[in-house]
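Notes to accompany the following structure.
Side-chain atoms are counted along with the backbone in the values below, which use heavy atoms only and exclude waters and symmetry mates.
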Amino acid sequence: MDTHATDKRSTFATLGLFLVILAISSAVAHFAIVRLVPTSLYVGTLMMMPALSAFVTLKLRGRNISSLPWRWGGCEANWAGYLIPVFYVSAAYGLIWVFGFGGMGNPETLADWRAQLGLPEASTWMVITLMVVLMAVVQFVKSLGTIAGEEIGWRGFLVWELRKLMSFEATCLVSGLLWAVWHYPVIIAYGGGNTLFQLACFTLMIVAMSVIMTYYTFRSGSLWPAVMFHGAHNIFIQKIYTPLTLETEQTGVWIDEYGLMVPLVVTVLALIYWRKARAEGL
């Protein structure tokens, strides 16, 4: 018997089972978000589906959940996972502000932050500094449960199965495209702009992120750098920089996860990691 061919068939069967379970379970959450109301509870439910699908797949395939890469993976990889998104999101929004694609310091956001902090008379820089620290630490920790719900499935399970069948580069592309498409129903329903443009920008960003996240996943043998990366990315775009940006006529084309700037900046970074992975024989 050809053991290699048998192993490949087994991996294909495992991947197919995972994707079917993920599609069915995610469809229920997508229905709730799109047809009912996009509450954080429904969104959180959707984010837990990759992990649930991985667990069920492992159970049905007679494998243990403990076989997933739960080890911490080292502080260097985890710090890199957190700081890299801070770098590219900051660089992207810095370029947006410098080139006038959006303004810095949305007064409505600053007023809201003052109210949340209970500091109505505080200076702008005090409010921004305090809120950034709280978001970067407290809100980040609060978000880790749902973020892990995604990353257990994507970087804890999927990329390792794909790597049994294909190269590092193909693993990044396939997992990134699957991850992007999984988000499409919500973007189509709530993107609020040119849908094709938004889907294209989002897909480019997600695939580029996948290259960097998969690199650190394989290098560390752990899913936690990807959890750190995903959490920091969400916090700094969704909770800090986008709310702080004052919109102009051009802003919608450039900011957030559906605009051009973040995808362009992270793609440049991903190309560096693509070459780095190839040089290291990953």
Side-chain angles (χ1 to χ4, degrees), residues 8 10-26 46-58 61 63 67-70 73 77 80-81 84-85 88 146-187 199-234 257 262-263 266-267 269-278 280-282:
K8 286 186 67 174
S10 177
T11 301
F12 274 118
T14 299
L15 284 167
L17 182 61
F18 170 75
L19 292 175
V20 168
I21 296 169
L22 178 63
I24 294 171
S25 60
S26 297
L46 177 64
M47 294 175 72
M48 298 303 293
M49 290 303 105
L52 177 64
S53 300
F55 294 160
V56 173
T57 299
L58 289 171
R61 299 294 289 169
R63 292 161 57 182
S67 66
L68 295 176
W70 296 108
I84 289 170
Y88 70 71
T146 50
I147 294 296
E150 281 199 50
E151 290 307 324
I152 289 167
W154 303 129
R155 255 60 61 176
F157 177 80
L158 178 63
V159 297
W160 297 92
E161 295 299 311
L162 290 173
R163 191 66 179 92
K164 296 174 184 178
L165 302 171
M166 56 189 68
S167 66
F168 170 83
E169 293 86 356
T171 296
C172 295
L173 293 176
V174 172
S175 63
L177 288 171
L178 288 171
W179 187 25
V181 170
W182 180 76
H183 288 86
Y184 280 6
V186 177
I187 299 171
L199 291 176
C201 289
F202 184 81
T203 301
L204 177 62
M205 180 191 73
I206 287 288
V207 171
M209 290 170 60
S210 180
V211 173
I212 305 170
M213 296 166 80
T214 303
Y215 173 86
Y216 280 106
T217 297
F218 288 156
R219 289 292 295 169
S220 66
S222 169
L223 60 85
W224 294 110
V227 174
M228 304 292 280
F229 191 109
H230 193 157
H233 171 93
N234 284 6
E257 297 176 305
V262 173
V266 73
T267 295
L269 200 58
L271 291 173
I272 295 171
Y273 276 92
W274 183 284
R275 291 171 60 86
K276 185 176 174 67
R278 180 170 294 181
E280 295 175 6
L282 200 58

> Would Asn234 and Glu257 count as a side-chain contact (heavy atoms from CB on, under 4.5 Å) if you check the C-alpha gap in whole Å, the side-chain angles of each, and the deciding distance to 0.1 Å?
Replying inline: CA-CA 9 Å; Asn234 284 6; Glu257 297 176 305; 4.1 Å; yes

>> Could you check whether any side-chain heavy atom of Leu58 comes within less than 4.5 Å of a side-chain heavy atom of Leu68, counting everything from C-beta outward?
In response: yes

>> For Trp182 versus Ser26, what's the shortest heavy-atom pair and its separation?
In response: NE1-OG, 2.8 Å

>> Listing request: all salt bridge (Lys or Arg N to Asp or Glu O under 4.0 Å) pairs with a residue in residues 219-230, at least two apart in sequence or in separate chains.
In response: Arg219-Glu280

>> Testing the basics here: between Ile206 and Gly176, what is the closest heavy-atom pair and its distance to 0.1 Å?
In response: CG2-O, 3.3 Å

>> Measuring from atom CG of Leu22 to atom CG of Leu19, what distance do you get when rounded to the nearest 0.5 angstrom?
In response: 6.5 Å

> Which pairs with one or both residues in residues 204-215 pass salt bridge (Lys or Arg N to Asp or Glu O under 4.0 Å), sequence neighbours excluded?
Replying inline: none

> Tell me, do Leu165 and Leu15 make a side-chain contact under 4.5 Å, heavy atoms counted?
Replying inline: yes

> Is any side-chain heavy atom of Thr267 less than 4.5 Å from a side-chain heavy atom of Val207?
Replying inline: no

> How would you list, by chain and number, every residue that makes a side chain to side chain donor-acceptor pair (under 3.5 Å) with Ser220, sequence neighbours excluded?
Replying inline: none

>> Return the OH to CD1 distance between Tyr215 and Ile272, rounded to the nearest 0.5 Å.
In response: 12.0 Å

> Going by atom types only, do Thr203 and Tyr184 share a side-chain donor-acceptor pair under 3.5 Å?
Replying inline: yes

Would you be so kind as to tabulate the donor-acceptor pairs closer than 3.5 Å made by side chains of residues 152-160, with sequence neighbours excluded?
unit_1	atom_1	unit_2	atom_2	d
Trp154	NE1	Glu150	OE1	3.2
Arg155	NE	Glu151	OE1	2.7
Arg155	NH2	Glu151	OE1	3.1
Arg155	NH2	Glu151	OE2	2.9
Trp160	NE1	Arg155	O	2.9

> Going by atom types alone, do Arg163 and Thr171 pair a side-chain donor with an acceptor below 3.5 Å?
Replying inline: no

>> Nearest 0.5 Å, please: how far is OH in Tyr273 from OG in Ser210?
In response: 14.0 Å

> Looking at CE of Met213 and CD1 of Ile84, how far apart are the two atoms once the value is rounded to the nearest 0.5 Å?
Replying inline: 10.5 Å

> Can you check side-chain contact (heavy atoms from CB on, under 4.5 Å) on Trp224 and Val227, steps first, answer last?
Replying inline: CA-CA 5 Å; Trp224 294 110; Val227 174; 3.8 Å; yes

> Nearest 0.5 Å, what's the CD1-CE distance between Ile24 and Met49?
Replying inline: 12.5 Å

>> Once rounded to the nearest 0.5 Å, what's the spacing between atom NZ of Lys276 and atom CG of Leu271?
In response: 14.5 Å

> Partners of Glu169 by salt bridge (Lys or Arg N to Asp or Glu O under 4.0 Å), sequence neighbours excluded?
Replying inline: Arg278

> Side chains of Phe229 and Tyr216: does their closest heavy-atom pair fall under 4.5 Å?
Replying inline: no

> Within the side chain of Ser175, is there an N or O that forms a donor-acceptor pair under 3.5 Å with the backbone of Cys172?
Replying inline: yes

>> Just so I know, are the side chains of Met205 and His233 near enough to count as touching, which here means a heavy-atom distance under 4.5 Å?
In response: yes

> Closest approach of Ala226 and Thr217, non-hydrogen atoms and distance?
Replying inline: CB-OG1, 4.0 Å

>> Looking at every heavy atom in both Ala270 and Val211, which two are closest together, and how far apart are they?
In response: O-CG1, 3.6 Å

>> Under the rule for salt bridge (Lys or Arg N to Asp or Glu O under 4.0 Å), what residues qualify as partners of Arg63, not counting sequence neighbours?
In response: Glu161

>> Just by distance, no angles: are the side chains of Ser222 and Trp70 close enough, under 3.5 Å, to form a donor-acceptor pair?
In response: no

> Checking Arg61 side chain against Thr11 main chain: does a donor-acceptor pair fall under 3.5 Å?
Replying inline: no

